[in-house]
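Take a look at the structure below.
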Amino acid sequence: MKFGVIVFPASNCDLDSYYAIKDMMGEKVEYIWHEEEKIEEYDCIIIPGGFSYGDYLRCGAVAQFSKVMDAVKAHAEKGKLVIGICNGFQILTEAGLLPGALVRNRDLKFICGTAPLRVENSDTAFTNKLQPGEVIEIPVAHGEGNYVAQDEVLQKLKDNGQILLTYQENKNGSKEDIAGIINEQGNVLGMMPHPERACDPILGNTDGRKIFESMISYLKGGR
Amino acid sequence: MKIKVYVTLKDSISDPQGTAIQGALTKKGYEGVKSVRIGKLIELELSDRPEAEAKQAVEEMCEKLLANTVIEKYTYEIV
Amino acid sequence: MKIKVYVTLKDSISDPQGTAIQGALTKKGYEGVKSVRIGKLIELELSDRPEAEAKQAVEEMCEKLLANTVIEKYTYEIV
Amino acid sequence: MNLYEELGLKKEEYERILELLGREPNELELNMYGVMWSEHCSYKHSRALFKHFPTTGKRVLQGPGENAGIIDIGDNMAVAMKIESHNHPSAVEPYQGAATGVGGIIRDIFAMGARPVALLNSLRFGELDNSERVQYLLDGVVEGISGYGNCMGIPTVGGETFFNKSYEGNPLVNAMCVGVIEHDKIHRASAKGVGNPVMYIGASTGRDGVGGASFASVELTEASEEKRSAVQVGDPFMEKLLLEASLELLATDAVVGIQDLGAAGLTSAVCETATRGEGGMDVDISEVPRRESGMHPVEVMISESQERMLLIVRKGQEETVNRIVGKWGLHSKVIGKVTDDGRLRVREGGEILADMPAESLDSSGAPKYYKDYHEPKHMKKSRCEDLSKIPEPKDLNKTFMELLRAPNIASKEWIYNQYDHMVRTSTVVKPGSDAAVIRIRGTEKGIALTTDCNSRFCYLNPREGSKIAVAEAARNLVAAGATPAAITDGLNFGSPEKPERFYEFRESVLGLSEACRELDTPVISGNVSFYNETDKAAIYPTPIVGMVGVLEDVRKHMTLDFKEENNVILLMGETRDEIGGSEYLSRIHGKETGEVPFLNMAMEIRTQRAVLQGIERDLFQSVHDLSEGGLVVALAESAIAGSMGAKLDIQSDLGPDRVLFSESQSRFLVSLKESKLSLLEQALISEKIPHSILGKTGGENLQIKINEEEVINHSIKDLETNWRGAIQEIMEK
Ligand SMILES: Nc1ncnc2c1ncn2[C@@H]1O[C@H](COP(=O)(O)OP(=O)(O)O)[C@@H](O)[C@H]1O
Ligand SMILES: [Mg+2]
């Protein structure tokens, strides 16, 4: 099993994701440069947080132009796993791999802290080690994490169980308190909070591990 | 040639920044500020080309990058 | 009444955002994108009033809040 | 007015230039002297005093003089750090001023080859409560720091924020950056090797920031408003590319020397690298990438466009540079070469535009002044002020809450929650504690970081106030379990040409030097910002101390929150009748006067050592140092952080307001399990450290009795809401 962490110019949580997988989860992981076109060898792609291409114009807007994103689309179409965290979530919506969009936080300020998240659907590749209704504490750090989508889209997300995680305390204004969603096929997750920041005991919080444990268990065929 | 692109939020999408500015203006004592919405003005300088070609290029740039059509709409003019 | 305010960076002020977008467009294969500058479009809805009054109000709002006149300039039109 | 005067040079300085050149300088040359001999670049009014600073020590690998100072932390690892001011730009355009300040200090760190791992910021504004302007400045500055630092992926882990009317027209924005580097990877900013190419990478050069350095060296008057085009816009994306490209380059052997382009732009970078390399340099400005057409050579040479670096490259390795820089989407350009004749030559193609001895421009050639000084009048008056007549507040419970809500005391989370303080997943102790703690990946170690300066103390007594700043910084690190190692100093003062202001500066440098020597925390880097005055008044002397400390085992870090019920609360150190210069006296009684608290350095050192030993022996559950607001504020902070109340029963001969609010030095508030109390007491007795048992943790309220009478009783919830919300309420009103 091998994870790949994409590195765009000005990604900056690439390192955090890399060490979370390598040192904390003990799995194989490599960085993938944004100009890479071949990513077949990876079982799961992590699109990390940061400010790809400076996040100018709109967060994640320019990243969809990069070569690796075509490869990520193909990877996702094959049903393999993709997780976009923070900027990665923004990139996935900009690239059309997930519905909706992420706009400026309701209070117009960047927010950094820890958010209690409720697990809405635990029957997925990303949440199978969690209980429905369970609350996990996951760090957040974003200026544009306010999830918006048309009402029909939101309804569909709800009906299909595509909303995986919701904020207990909605500080950015997201519709339906959405913190993380999956695509219809269930193999692409986008979430604003940072599970990779909650894996190492020295940081005082390991709730994020359960997300990665779920993915690893899914990839091992164990569920 | 110069092109001005205007990107604005679709009406159905709320605009917290606009709302905040409206609030600030009202607080400052400006009366009758009924709504404020913030969009982007993107000024492009393109190498000269026939108008039809320019239009096509600009529309493509808007669709692909300059606007996110999930939440935004755009118009443009050649100046 | 509707007013459109256009706020752009003064010419002497660099626009890294515009430069980055220009780079991205060029890299994507759009040729002849010579420059990109990004500004704001602010749409105001004011209660109806005589044009002169509206102008005065808008100019004041621009100076005080809508534009940062240290680095930005503005124009507006009543539509 | 003569051209030299317009450039901020004095007559005698101009004459010195004539002498150095043996002829009249041309316009370009004069401009280059103008920026290099500005206060900002030449330190002409401060250098003479720097000899007092202790700058060596067993840990010091690089003292002042390079882009940043470096200390050894063992295991082949080292820490680079530096602080820098961006006061005047931030007063004009808070967002960009603060953002480019952060950008500049980050470049100083990676120019040494170090990976930046933490940012701190030290901010001073006018009174926040009722000033729209101050609120606007705070809002913009915080957003600028957040916008730049967050994008860079460097956590902003600490700092300080202080409001006082003396900063009304002249806010202070000092940014500090800390980097980590392996010993053998350290790079220096010198141009060595005759014939080696000089390369330029990063953003192209525009007209922005032209005159920035001299701008920073004049008082802010109405006239300087006209210079507003001096505003520079930060581009953190470009900086991130530059950072990654530079570090990748420095890992090869292609680069001989590296220097960022900061104040005085290209002029400063070429002449400093040439001087350090003890050679000369020849640059052709027609090769300098430009953003605008029609730029005058003067503009090219002194532009302060951001996000640019200069490299001295090993001859023949140009392609390595092009390849690595190109990978990061940047361009590089050869703009000159290293020579051996000690001259700095600027050409445009074949034409020589300037030709001068490189050294003459640099601080070694610049004039050096030792100005007259005398004690400001107010000082003697405050010293003699009788504070015994300050009336005891009728309702201490209410007074306490008022103080807790004062912007100087209230939680700064409205600020630091806008900063990504967790990125890089190494922030072990986040902002909101006494010091931030960062783990050093790949080792067991950690470093603790803080910035401190009580400028009210420095106003009343610059020498003692500066010593207190060093002691307080050390105390904060010790409370986190770290051994203080070194400081970087951000010296912010008024005009050195005014005797009272120069007195403050001189006293302050002497105070810092003395304290650093005694605490064994050498000065390894720093920055001076003078002329922080408006037409009306000067700022309070503000020598900001940025300090780093080392934890051998990062798991042994300590925090300030009460951890469990029924722990003993003990105060180390002695509370005296010392409300001079206190936040209490200022906020509640509207007075900034009195003598500052007495600092007994021997006691300070013993107490710090006892705390560190106690942490090492696992005696404590929590440790917090006492600072602004005194004992009761420290109690409230530990209680709020731990969501746990406390019951205290204090016996004292002092008035209750003194007990609660006095800002006596060298004190720590600790909580510990009852079972460890005797061990601690033995240690304190043998070290002759005064201490008193105050009470116990537990319950939902903070209850304090003094001599059997209840003076404080608030629910922790209430305290928390007020303390956390006060600044936000003001900012969002
Ligand atoms: N501008 C700022 N940026 C980041 N953190 C800040 C800032 N101002 C204050 N803080 C944080 O708030 C906490 C309290 O600050 P302060 O009262 O200065 O602490 P102390 O009195 O212990 O030195 C510290 O953790 C400090 O790092
Ligand atoms: Mg403290």
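Below, each value reflects all heavy atoms present in this structure, side chains not excepted, and no hydrogens, waters or symmetry copies.
Around atom NZ of C/Lys55, no more than 12 heavy atoms belonging to other residues, nucleotides or ligands sit under 6.0 Å away. More than 12 non-hydrogen atoms from other residues, nucleotides or ligands lie less than 6.0 angstrom from CD of B/Glu59. Taking a 6.0 Å sphere around CD of C/Glu45, one finds it holds more than 12 heavy atoms contributed by other residues, nucleotides or ligands.
Chosen from B/Ala57, B/Ala24, B/Gly39, B/Gly18, the residue pairing most often with chain C at heavy-atom distances under 4.5 Å is B/Gly39. Chain B forms the most heavy-atom pairs under 4.5 Å with one residue out of C/Lys2, C/Gln22, C/Arg49, and that residue is C/Arg49. Highest contact tally toward chain C, considering only B/Glu31, B/Gln17, B/Lys4, B/Glu60, is held by B/Glu60 [criterion: heavy-atom pairs under 4.5 Å].
In this structure, the separation between CD1 on B/Ile21 and CG on C/Leu44 is 9.0 Å, given to the nearest 0.5 Å. To the nearest 0.5 angstrom, C/Met1 atom CE is 10.5 Å from B/Lys34 atom NZ.
A donor-acceptor pair is defined here as one N or O able to donate and one able to accept, closer than 3.5 Å; such a pair exists between the side chain of C/Asp15 and the backbone of C/Ile38.
For chain C, the nearby part of B/Lys28 is the side chain; its heavy atoms alone come within less than 4.5 Å.
C/Arg37 and C/Ile13 get closest at one heavy-atom pair: NH2-O, 2.8 Å. Nearest approach of B/Met61 to B/Leu46, heavy atoms of both residues: CE-CD2, 4.2 Å.
Along residues 62-79 of chain B, the residues that come nearer than 4.5 angstrom to chain C, judged on non-hydrogen atoms, are B/Lys64, B/Leu65, B/Leu66 in order of number.
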